[in-house]
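Data first, discussion second: the structure below is written as structure tokens.
So that the names make sense, note that chain A is the first sequence line, chain B the second, and so on, each numbered from 1.
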Protein chains: 2
Amino acid sequence: MPDLIHDGDSAAAVSSLRSAVMLLGRRLKHQRVDESLSPTEMSVLGTLARCGSATPGELARKEHVQPPSMTRIVALLEAKGLVRLEPHPDDRRQKRVSQTEQAEAMLAESRTKRNAWLSRLAEGLDEDEWETLRAAAPVLEKLAHL
Amino acid sequence: MPDLIHDGDSAAAVSSLRSAVMLLGRRLKHQRVDESLSPTEMSVLGTLARCGSATPGELARKEHVQPPSMTRIVALLEAKGLVRLEPHPDDRRQKRVSQTEQAEAMLAESRTKRNAWLSRLAEGLDEDEWETLRAAAPVLEKLAHL
DNA sequence: GGTGGTATTTAGTTTGGGTAATGAGTTACG
DNA sequence: CGTAACTCATTACCCAAACTAAATACCACC
């Protein structure tokens, strides 16, 4: 690969990207759909929705969080009835985490509310800008998981 | 404005955007260029670099942080010699915050290091994907500040 | 069967933000 | 004028969500 990001424009883009991501993240933290669920808890539910089920360790790696943090998060989600823990079939060290029906319903509701919030925010963007952002969303997601 | 984000594709984009922003934010937190500077401190320096100087209150609004938090951040930056505090010419309640030459030098260095990190990450993207992201950066920034 | 490595958890700490209450300074209005 | 209401910054205290280090339980291989 050539020097993708070593020209001036791209250096500016990197700075811009970094500060925008941090700022938006801070603001999203306050825009919880369910007051009792932290952003990372939400993210874990989303991951489970995509992947079906996973072990705590796998979730920690996917969310780029340390294993002890994931233990706590999973415990909280279980206490709220959003997640089910079963023993791993092959390895008794591990556990299998999967989402409950309740979680699925909550995710659907939360999506609606998130859309409302971002929609209000997006009213400040014109059609082209939103289109740009929409195209970038999957790329950003890929980047975040690399 | 029409229903910009109420079709299916855009709903997916919103979800994608939200989780990507949160995840990337978490990862960026660990990729500090200067171990002793928090992400928000970096962000404040960036704002000052763009705006010249501002009062603590203005900075708090721009970073979407509460005033007491900004007081603490500014104090830390001053202790590190990255920021200068002067009395406000017209209003003795306020203060005027501006960055020092030292801060400017540090920002330049930090940009280099950030580029290196994001460059490694961006090796997993192809040219088109990076181009998409580069186009989206200013839009994302605008969105974050709305 | 012992030994080294892995998954999870427990315990304790750090960090980065928040809220409430205070003090100093300014503005508006009687 | 002068006082009441408001604003800016700060101080004091608190909380949430991550982290590291160490303990526990388990697997795998020699």
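Rounding to the nearest 0.5 angstrom, the gap separating the CD atom in A/Gln102 from the CE atom in A/Met106 is 9.0 Å. One distance of note links CD of B/Glu78 with CG of B/Leu85; it measures 4.5 Å at 0.5 Å rounding. Separation of atoms CD (B/Glu86) and OG (B/Ser53) is listed at 8.0 Å; rounding is to 0.5 Å.
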Kindly determine whether B/Leu37 and B/Leu45 satisfy side chain to side chain contact (heavy atoms under 4.5 Å, CB included), including the steps that lead there. CA-CA 10 Å; B/Leu37 242 53; B/Leu45 287 182; 4.0 Å; yes

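Side-chain contact check for B/Arg96 versus B/Pro89: some heavy-atom pair is nearer than 4.5 Å.
A heavy atom closer than 4.0 Å to some atom of DNA chain D occurs in B/Thr55, B/Pro56, B/Gly57, B/Pro67, B/Pro68, B/Thr71, these being the qualifying members of residues 55-80 of chain B. In the region residues 85-96 of chain B, proximity to DNA chain D at under 4.0 angstrom, judged on heavy atoms, holds for B/Arg93, B/Gln94, B/Lys95.
Looking at B/Leu82, B/Val97, B/Leu77 one by one, the single match for side-chain contact (heavy atoms from CB on, under 4.5 Å) with B/Leu48 turns out to be B/Val97.
Checking A/Thr40 against A/Glu63 by side-chain atom types alone, no donor-acceptor pair falls below 3.5 Å.
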